[in-house]
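Numbered from 1 within each chain, the chains take letters A, B, ... in sequence-line order.
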Amino acid sequence: MLDIQALRNNLSEVADRLATRGYMLDTTRFEQLEGERKSIQVRTQELQAKRNATSKQIGAAKARGEDVSAIMAEVANLGDELRQLETKLEQVQQELNGFLAVIPNMPHESVPVGKSEADNHELRKWGTPAQFDFEVQDHVSIGEGLGGLDFETAAKISGARFSLLKGQLARLHRALAQFMLDTHADQHGYTETYVPYLVNADSMKGTGQLPKFEEDLFKVPFGLPEPTEAEVANIQRTGASSFEGKQKHFYLIPTAEVPVTNIVRDEIVPPEKLPLKFVAHTPCFRSEAGSYGRDTRGMIRQHQFDKVELVQITTPEQSYVALEMLLGHAETILQKLGLPYRVVKLCTGDMGFSAAMTYDIEVWLPAQNTYREISSCSNFESFQARRMQARFRNAQGKPELVHTVNGSGLAVGRTLVAILENCQQADGSVRIPEVLRPYMGGLDIIRAA
RNA sequence: GGAAGCGUGGCCGAGUGGUUGAAGGCAGCGGUCUUGAAAACCGCCAAGGGUUUGCGCCCUUCGUGAGUUCGAAUCUCACCGCUUCCGCCA
């Protein structure tokens, strides 16, 4: 969420910057809502002040044993008008909040302006794609050839966009996650965390998945379908309350970013604890609505995949340094695995809703003869922190919003794909990168069973 | 799932209808004292918002939401969370 003060004070400038990422801010609507809010709020507060002052008088007069009926008459009809105004103010403020909640973050000044993926800037390349003196297979053929990758059975069990791993490939998948977790925890100073995979709506709002992107999520209902008698009575008596809230739901996390970042929601973190650095290995669940027909073959785009996520909670001064370091931590994994990659700085038009700056790491996939995203590292500045009310105590001792930074380190499934394709051999076997062998019981090559 | 209890500021903890945004303590900040530190003593210390050039003034907030009342941390109802006991379960 953007700072509403920024919109009040520099509306056209904010609108211009949002326009670079393709978001057209409705400034007329904002000014209208804001004007309404202002007049109603001023009037409401005047009446509240009057009510409070009069009530105090009544209290004082009663204490002195005086007759209060005259003063009481004075405020008798104040209540109705005040209640109406308060309700109206609530409505306007909710509208304003709704308006703010769907505005994306402002891009950092250094982010290249562009419309799409094509306008991203390649920053650097690492490693040299291997030359193969045989016909390269994609990960699906390799995996199926090894008897460890089975999409048909996964489709029977669940449907499209799921995969089933068996034997050494399942173990390789586990080895990758362990290796990443160990590297980040032991060498990069992250605290390993185990987190809930089902979260509430507040957490999803905090990191920006809600309210705008509900269709990308899996929503899991639970709870009683019927209200109890007491609730029915309460609803009838008050008239105001609805049945809402009894039928509840969780959301399956689309990334560990959600539960991990929300660790600091509604907290004031002592400054000496910053930066907080967390790493978590979790499954991620995405509906992939709107991606029909894209990456339908293989395990590139799945409803369920594993990811090791890095999250840093920092101060505003440190957040861009933190982003560079976190990017480096993610790159380290690919370097240790010996997988060629490149780093891309996303342009304004290609960035996610909440990000102020994003680097993508793309790994080389020989079968596709191209680089594909395997990690996305972003600084969200105070955008998520404001939604979460996540703060720290600054040098002046005042609470101030933290900055949040996160990135994949890495997507486990896509790393598995990259290893299968980059480390394939002429006979269909796959060479295991050195660093993974301790996790594979010393195995150096995966061969067909 | 059943029973009981509890939810107050960064933390602990008073407070059961009227100048209570909230005693007291801890932590923090400033000062006196000290060569320095500690101790002792004195003072300051919630957040969010509105309005104002500024001093300031005002509003909201005691788990959440409704309600009663001129007035609610305090009374009523519902919900959420936590703790303990019983049951069940990995």
Without decimals, in angstroms, what is the distance between A:N394 CG and B:A46 P? 15 Å
Minimum side-chain heavy-atom gap A:H281-A:V195 below 4.5 Å: no
Selection from B:C59, B:G49, B:A47 that lies nearest to any side-chain heavy atom of A:Q48: B:C59
Within residues 17-28 of chain A or reaching into it, pairs that qualify as side chain to side chain donor-acceptor pair (under 3.5 Å) - sequence neighbours excluded: none
Residue whose closest nucleotide on RNA chain B lies nearer the 5' end, A:Q93 versus A:A53: A:Q93
Which nucleotide wins on minimum distance to the side chain of A:K56, given the candidates B:A47, B:C70, B:G21? B:G21
First of A:K50 and A:E90 reached from the 5' end of RNA chain B, by closest nucleotide: A:K50
Minimum-distance nucleotide (side-chain atoms of A:A49 versus B:C59, B:G10, B:U60): B:C59
If the C1' atom of B:G10 is compared with that of B:C29, how far apart are they to the nearest Å? 14 Å
Mind checking A:P270 for me? I need base, sugar-phosphate or nothing, with any heavy atom below 4.0 Å counting as a touch. nothing
Out of B:C59, B:G50, B:A47, whichever nucleotide has its closest atom nearest the side chain of A:R391: B:A47
Whole-Å P distance, B:C11 and B:G63: 13 Å
Output the single nucleotide from B:C70, B:G50, B:G21 whose closest atom is nearest the side chain of A:I58. B:C70
Can you tell me the base-pairing partner of B:A3? Count Watson-Crick or G-U wobble geometry only, both distances below 3.5 Å, and say none if there is no partner. B:U84
Can you tell me the distance, in whole Å, between the CZ atom of A:R8 and the C1' atom of B:G49? 8 Å
Rounded distance (Å) that lies between atom P of B:A47 and atom CE of A:M388: 20 Å
Looking only at B:U51, B:U60, B:G50, the nucleotide nearest the A:K38 side chain is B:U51
Taking the six-membered ring for Trp and the single ring otherwise, decide whether the centroids of A:Y190 and A:H329 are under 6.0 Å apart. yes
Counting only side-chain nitrogens and oxygens, does A:R386 get under 4.0 Å of the OP1 or OP2 atom of B:G48? no
What interatomic distance, in whole Å, is found between P of B:G13 and the corresponding atom of B:G18? 25 Å
CD of A:Q389 versus C1' of B:G49: gap in Å, rounded? 12 Å
So what does A:K398 touch, heavy atoms closer than 4.0 Å: a base, only the sugar-phosphate, or nothing? sugar-phosphate
May I have the distance from A:L82 (atom CG) to B:U60 (atom C1'), rounded to whole angstrom? 12 Å
Using the C1' atom on both, measure B:U68 against B:G54 and round to a whole Å. 43 Å
Specify the separation, in whole Å, of atom CD of A:E34 and atom P of B:U51. 7 Å
Among B:G50, B:G10, B:U60, which nucleotide has an atom closest to any side-chain atom of A:Q5? B:G50
Testing the 3.5 Å rule here: is there a donor-acceptor pair between the side chains of A:Q187 and A:K336? yes
For B:C12 and B:U83, measure between their P atoms and round to the nearest Å. 15 Å
Using atom C1' of each nucleotide, how far apart are B:C45 and B:A23 to the nearest Å? 16 Å
What I want to find out is whether A:E31 reaches A:R8 closely enough, with some N-O distance under 4.0 Å, to be called a salt bridge. no
Could you tell me whether A:R83 contacts a base, only the sugar-phosphate backbone, or nothing, with contacts defined as non-hydrogen atoms closer than 4.0 Å? nothing
Taking the ring centre of each residue, are A:F285 and A:Y251 less than 6.0 Å apart? no
B:G21 and B:A46: how far apart are their P atoms, nearest whole angstrom? 15 Å
Taking pairing as Watson-Crick or G-U wobble with both contacts under 3.5 Å, can you name the mate of B:C77, or confirm there isn't one? B:G65
Nearest to the side chain of A:Q45, heavy atoms from C-beta on, is which of B:U60, B:U51, B:C58? B:C58
Would you mind telling me which of B:A47, B:C70, B:C59 lies closest to the side-chain atoms of A:N52? B:C59
Between B:C45 and A:R393, is there an OP1 or OP2 to side-chain N/O distance shorter than 4.0 Å? no
If I take atom CZ from residue A:R51 and atom CD from residue A:E46, how far apart are they, to the nearest 0.5 angstrom? 14.0 Å
Using the C1' atom as the point on both nucleotides, what is the distance between B:A22 and B:U35, in whole Å? 44 Å
Rounded to whole angstrom units, what separation is found between the CD atom of A:E86 and the P atom of B:G67? 10 Å
Complementary nucleotide for B:U60 - Watson-Crick or wobble, under 3.5 Å: B:A47
